[in-house]
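First up is the structure itself, then whatever we jot down about it.
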Amino acid sequence: MLTSYLNFRFDVHGKPINGFCMRIQDDFHETYAVIVDGYRSFCVWLDATSTWRFSKHTSLEPSALEQIISRITSTELPKK
């Protein structure tokens, strides 16, 4: 079930990054589906060691990925 959404818009090296992420149901991790204009969707999650992980085939630049994760962690999305 989807529970929370976060829209984002920022620039990385002069290229606009637009999209949103949404919390998804996961019994084991804090997990988000991420949808970015012009890229395939992917997931990010906080693992048992409190490290943010992302889908293996994520094609987004690392600096853009870091900004998305930073926005997730700085925004208090309501928990179930």
Side-chain angles (χ1 to χ4, degrees):
M1 292 280 179
L2 307 177
T3 59
S4 301
Y5 295 89
L6 173 66
N7 292 311
F8 55 82
R9 181 182 193 141
F10 55 88
D11 288 340
V12 172
H13 307 296
K15 181 179 180 182
I17 304 292
N18 300 305
F20 67 96
C21 61
M22 57 189 145
R23 187 185 308 265
I24 58 176
Q25 180 64 41
D26 184 336
D27 293 334
F28 304 103
H29 304 290
E30 181 177 341
T31 305
Y32 299 87
V34 181
I35 293 80
V36 179
D37 292 345
Y39 294 88
R40 290 184 182 244
S41 60
F42 58 94
C43 287
V44 296
W45 64 93
L46 190 60
D47 72 7
T49 65
S50 297
T51 302
W52 282 97
R53 306 289 181 180
F54 51 90
S55 302
K56 180 169 57 169
H57 299 291
T58 303
S59 61
L60 199 59
E61 288 185 40
S63 58
L65 186 58
E66 288 173 14
Q67 283 200 39
I68 292 168
I69 291 171
S70 173
R71 289 167 191 256
I72 290 171
T73 59
S74 67
T75 303
E76 291 293 324
L77 295 177
K79 297 198 185 228
K80 283 181 80 176

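All residue numbers in this chain count up from 1 along the given sequence.
Put simply, CZ on Arg9 and CD1 on Ile17 are 11.0 Å apart, with the number rounded to the nearest 0.5 Å. Between atom CZ of residue Phe42 and atom SG of residue Cys21 there is a gap of 9.0 Å, rounded to the nearest 0.5 Å.
Nearest approach of Leu65 to Leu60, heavy atoms of both residues: N-CD2, 4.1 Å. Shown here for Ile35 and Met22, the closest heavy-atom pair between the two residues is CD1-CE, 3.7 Å. Closest of all the heavy-atom pairs between Tyr32 and Trp52 is CE1-CH2, 3.7 Å. Here the closest heavy-atom approach between residue Tyr39 and residue Lys15 is recorded as OH-NZ, 2.8 Å. Between Asp11 and Pro16, the shortest heavy-atom contact is OD1-CA, 3.2 Å.
Checked by atom type and distance alone, the side chain of Ser55 pairs as donor or acceptor with a backbone atom of Cys43 at under 3.5 Å. The main-chain N or O of Ile69 is found under 3.5 Å from a side-chain atom of Thr73 such that the two form a donor-acceptor pair. No donor-acceptor pair under 3.5 Å is formed between the side chain of Thr51 and the backbone N or O of Asp47.
Crowding of Phe8 atom CZ: a count of heavy atoms from other residues, nucleotides or ligands under 6.0 Å exceeding 12.
Side-chain contact between Phe10 and Arg71: present, with at least one pair of heavy atoms (C-beta onward) separated by less than 4.5 Å. Taking 4.5 Å as the limit, every side-chain heavy atom of Arg53 sits out of range of all side-chain heavy atoms of His29. Side-chain contact between Val34 and Ile68: present, with at least one pair of heavy atoms (C-beta onward) separated by less than 4.5 Å.
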